[in-house]
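To keep things clear, I will list the structure first and then write my remarks on it.
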Amino acid sequence: MTVEQNVHLEDIMPALQGVIPTIVATASLDHTPNVTYISQVYFVDEHHVALSYQFFNKTIRNVRENPVLTAIITCPVHYDLYKLLLRYEESQTEGEIFDAMEIQLEALASAQKKEGIFKLKAADIYRVISIEKM
Amino acid sequence: MVPPSHVAFLKLPLSFWLATSSLDNIPEPIKCTGIKFDPDREVFTCFIPLRFMNVGFQHLRENPVIALVVTELHSFESYQYKGNFLSYRPCTEAEVDFQLKYMEEFSDILGSFGHSKMGLYNAYFKYRPIIALDFQVTQVFDQSPRAGTGEKVFA
């Protein structure tokens, strides 16, 4: 897999605030793609982000068997699009990252009048393989 | 396979994203600037700026499987259609006009969330040329965000 890092996570912090939902694509081991929206891509450190895991759906099943995920995030200030290639590392169900994401998710749900639907099951931690400005 | 109720739903100004996968299972999301659905043949025609298709074309040469997610942004009602790539061609002028009408309506919805209508319009819709890509539906899934999401839809 090619590793390229033209853009750094710290450069795209506004796009990681959950203002505009993120599109994620995954693939199963039989090469079938899946695409969906997720609520949050949360900055963890310069090499990692956490994605909100809310439902046990096809995205989660795919990532557990094929850990590569591609996300499109949008900067809400300049509306630039970024493509992130990510590799799943672990799932956290408690701790600082989980708590912070849960609070942020509740705020997003409240703003969209969707309380109760946006329940965080886990914070899935991903290593950032590449970031590309589209 | 595609429920009759979807035919009207698919004419709304929804969000449309495709995805492809390489044979080494690297997925690629692709923005559509409009779709048309032919219920008789169960074929989607997806309009895509060519610049968003570089990786997608590489994938389709080795793996014809395509996923399309359609989402109504206020209700989050969402469906995923999976199927096989058939062909692509340049858009006609009439299809460009169709997309411009869709883009206007979709940008109004984005604007209702407080986003800059022109900002997002330019992010997605300013690129030319645009292709029309056909794929045959083989599976439909309900993807609305709730418990049980991901269930297969039966007509």
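Chain letters run A, B, ... following the sequence lines, proteins first, then strands; residues in each count from 1.
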Which region of [X], side chain (C-beta onward) or backbone (N, CA, C, O), has a non-hydrogen atom less than 4.5 Å from a non-hydrogen atom of chain A, or is it both or neither?
| X | result |
| --- | --- |
| B:Thr71 | side chain |
| B:Leu18 | backbone |
| B:Val55 | side chain |
| B:Glu28 | both |
| B:Ile66 | backbone |
| B:Ser22 | backbone |

Region of A:Asn66 that comes under 4.5 Å of a non-hydrogen atom in chain B =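 It is the side chain, since no backbone atom gets that close.
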Under a 4.5 Å heavy-atom cut-off, does chain B meet the side chain of A:Leu29, its backbone, both or neither?
->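 Contact with chain B: backbone and side chain both.
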So which of A:Asn62, A:Thr32, A:Thr74, A:Asp80 has the largest heavy-atom pair count under 4.5 angstrom toward chain B?
->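 Top option by heavy-atom pairs under 4.5 Å: A:Thr32.
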How about [atom1] on [X], more than 12 heavy atoms from neighbouring residues, nucleotides or ligands closer than 6.0 Å, or not?
| X | atom1 | answer |
| --- | --- | --- |
| B:Tyr88 | OH | no |
| A:Glu94 | CD | no |
| A:Glu90 | CD | yes |

Can you tell me how far apart [atom1] ([X]) and [atom2] ([Y]) are? Round to the nearest 0.5 Å.
| X | Y | atom1 | atom2 | result |
| --- | --- | --- | --- | --- |
| B:Glu62 | A:His31 | CD | NE2 | 9.0 Å |
| B:Lys82 | A:Asn34 | NZ | CG | 4.0 Å |
| B:Gln143 | A:Thr36 | CD | OG1 | 4.0 Å |
| B:Asn25 | A:Glu65 | CG | CD | 8.5 Å |
| B:Ile30 | A:Ile23 | CD1 | CD1 | 12.0 Å |

Same cluster or not: are [X] and [Y] linked, directly or through other Ile, Leu, Val, Met, Phe, Trp or Tyr residues, by side-chain heavy atoms under 4.5 angstrom apart?
| X | Y | answer |
| --- | --- | --- |
| B:Phe141 | B:Val43 | no |
| A:Val49 | A:Ile103 | no |
| B:Met1 | B:Phe9 | yes |
| B:Ile130 | B:Leu60 | no |
| B:Leu12 | B:Leu100 | yes |

Could you tell me whether the side chain of A:Tyr37 and the main chain of B:Phe76 form a donor-acceptor pair under 3.5 Å?
->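 Here the side-chain-to-backbone pair does not exist.
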In sequence, state the C-alpha distance, the side-chain angles, and the governing distance for A:Ile72 and B:Trp17, and then conclude on side-chain contact (heavy atoms from CB on, under 4.5 Å).
-> CA-CA 11 Å; A:Ile72 305 287; B:Trp17 284 85; 3.8 Å; yes
Minimum heavy-atom distance between B:Ala19 and A:Ala25, given as atom pair plus value =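 Nearest pair, atom of B:Ala19 first, then A:Ala25: CB-CB, 4.0 Å.
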Atom of A:Thr70, atom of B:Pro29 and distance for their closest heavy-atom approach |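 Looks like CG2-CD, 3.5 Å.
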